[in-house]
Amino acid sequence: MNQLTNEKTTTPINGYLMLFLAVILIAGGTFLLFNGGSLLLVLAIFIGLFLAFGLVLVNPNSSRVLLLFGKYVGTIKSNGLFWVLPFYSKKKISLRASNFDSERLKVNDKLGNPIMISTILVWKVTDTYKAAFDVDDYKNFVRVQTDAAVRKLASMYPYDNFADEGIEEDITLRSSVNEVSEALEKEIQDRLEMAGIKVLEARIGYLAYAQEIANAMLKRQQATAIVAARHKIVEGAVSMVEMALEELSKKELVALDEERKAAMVSNLMVVLCSDKDASPVVNAGTLNH
């Protein structure tokens with residue numbers, strides 16, 4: 001592979017020494033020139049200015065990409081003051097972790113339901129050559145590719161399970177937070193690899209049904225919850241009635257024929273499954289009245 005397609009770290013000359021020489025040449029040359037010095041002092045001043053234009057300051061977690069007439073020379077990643085040839089063009093690229101909160105996008109999930117979704121992305125540049133030259137604008141590249149990855153992810157999974165329709169998914173956008181975040185992080189990382197960017201974290205920041213179906217889906221969820229609750233209540237009531245009949249028969253407290261058993265089962269089911277507390281009616285007579 002061609003070496004110029006990879007990042008090359010370089011450490012230039014110490015800038016403090018060159019700064020000292022530039023100050024001496026400029027200040028000394030200017031002082032002597034105004035005190036009747038020769039024209040050679042003018043050359044010393046120009047040399048001092050030349051040296052000053054080559055100074056470059058690199059802050060922590062920052063870098064400078066060096067170009068010489070369009071040719072990539074290397075990248076300065078060390079912190080401090082350095083000196084390079086003034087003919088070098090110096091492009092600043094931050095190596096700090098950046099946070100990106102995408103806009104809320106309206107997309108369709110796996111079942112075709114419109115949803116609103118956004119993502120929170122934490123990323124940093126690891127290869128300055130790719131970030132500077134393999135893409136036009138690496139920050140805009142992050143935004144566009146993140147939106148594209150979120151759209152693709154939303155179409156791969158349903159928003160939620162619909163057990164009443166026989167639709168059961170192992171992974172859903174609402175409940176499978178860890179699995180969805182891992183899939184989203186991998187998808188974004190694959191897209192940003194060519195720009196020399198590493199994804200530190202990616203997760204869904206906002207998730208909801210689109211406004212036009214939000215109310216209908218809320219009612220559907222409520223209805224599903226009510227049906228599930230009723231199912232549990234009926235299942236428990238049947239078990240309790242069965243236990244009551246079995247205990248009465250076992251202890252021979254009262255002899256019930258099939259008609260009386262049916263009436264007892266009906267009354268117990270009404271009491272156990274009712275939304276309101278039952279109002280008992282005391283029978284002061286016999287079972288026949």
Side-chain angles (χ1 to χ4, degrees), residues 1-101 121-146 188-189 191-201:
M1 182 180 292
N2 191 339
Q3 186 181 7
L4 294 184
T5 60
N6 292 330
E7 179 185 80
K8 183 174 63 175
T9 302
T10 182
T11 303
I13 301 174
N14 188 298
Y16 295 100
L17 175 61
M18 304 305 290
L19 175 63
F20 177 76
L21 291 177
V23 170
I24 291 298
L25 289 173
I26 295 174
T30 303
F31 176 78
L32 294 176
L33 182 63
F34 282 99
N35 286 275
S38 64
L39 294 179
L40 290 177
L41 297 176
V42 176
L43 180 60
I45 295 174
F46 277 110
I47 293 175
L49 293 174
F50 179 83
L51 295 177
F53 280 116
L55 295 173
V56 56
L57 178 65
V58 182
N59 295 319
N61 283 326
S62 185
S63 67
R64 293 292 189 277
V65 177
L66 305 178
L67 292 175
L68 179 60
F69 303 121
K71 182 181 179 181
Y72 175 66
V73 177
T75 301
I76 307 174
K77 286 188 172 181
S78 302
N79 305 327
L81 182 66
F82 302 96
W83 185 86
V84 297
L85 287 176
F87 302 111
Y88 286 172
S89 60
K90 300 170 278 292
K91 183 176 182 179
K92 181 180 179 181
I93 295 182
S94 175
L95 302 179
R96 299 183 180 94
S98 299
N99 188 63
F100 170 60
D101 188 0
L121 177 68
V122 182
W123 59 276
K124 64 183 296 185
V125 175
T126 57
D127 191 316
T128 57
Y129 180 89
K130 292 181 178 180
F133 306 115
D134 284 358
V135 294
D136 184 34
D137 183 346
Y138 69 93
K139 292 184 179 179
N140 184 64
F141 188 80
V142 170
R143 290 191 291 269
V144 173
Q145 293 302 320
T146 300
I188 298 177
Q189 181 62 72
R191 292 172 176 267
L192 299 183
E193 185 70 29
M194 65 176 297
I197 293 172
K198 180 181 179 181
V199 176
L200 303 179
E201 181 186 7

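All residue numbers in this chain count up from 1 along the given sequence. No hydrogens, no waters, no symmetry mates; every other heavy atom, side chains included, goes into these values. Since the model is a prediction, treat every value here as computed from it, not as a measurement.
To the nearest 0.5 Å, the span separating OG1 on Thr9 from OH on Tyr129 amounts to 14.0 Å. Between Arg143 atom CZ and Asp137 atom CG the span is 6.5 Å, to the nearest 0.5 Å. The CH2 atom of Trp123 sits 6.5 Å away from atom NZ of Lys139, with the distance rounded to the nearest 0.5 Å. The distance from the CG atom of Leu81 to the CG atom of Leu19 is 6.0 Å, given to the nearest 0.5 Å. Between the CG atom in Asn99 and the CG atom in Leu200 there is a gap of 10.5 Å [rounded to 0.5 Å].
Listed for the Tyr72 side chain is a donor-acceptor partner under 3.5 Å among the backbone atoms of Lys8. Gln189 contributes a side-chain N or O that, together with a main-chain N or O of Val199, makes up a donor-acceptor pair within less than 3.5 Å.
In this structure, the side chains of Val84 and Ile76 come closer than 4.5 Å at one or more pairs of heavy atoms. Between Lys130 and Met194, every side-chain heavy-atom pair lies at or beyond the 4.5 Å cut-off. Counting heavy atoms from C-beta on, the side chains of Leu192 and Phe141 come closer than 4.5 Å.
Applying the side chain to side chain donor-acceptor pair (under 3.5 Å) test to pairs two or more places apart or on separate chains, those with a residue in residues 76-98 are Glu7-Lys77.
A search for salt bridge (charged side-chain N to carboxylate O under 4.0 Å, His left out) contacts involving Glu193 returns nothing, not counting sequence neighbours. Evaluation of the ring-ring contact (aromatic ring centres under 6.0 Å, His included) rule for Phe100 yields no partner, not counting sequence neighbours. Val144 is linked by a side-chain contact (heavy atoms from CB on, under 4.5 Å) to Asn140, counting only residues two or more places apart in sequence or in another chain.
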Using a 3.5 Å cut-off and no angle test, enumerate the donor-acceptor pairs between side-chain atoms of residues 44-66 and protein atoms at least two apart in sequence or in another chain.
{"from": "Ser62", "atom 1": "OG", "to": "Arg64", "atom 2": "NH1", "distance (Å)": "3.4"}
{"from": "Ser63", "atom 1": "OG", "to": "Ile93", "atom 2": "O", "distance (Å)": "2.7"}
{"from": "Arg64", "atom 1": "NH2", "to": "Leu57", "atom 2": "O", "distance (Å)": "3.0"}

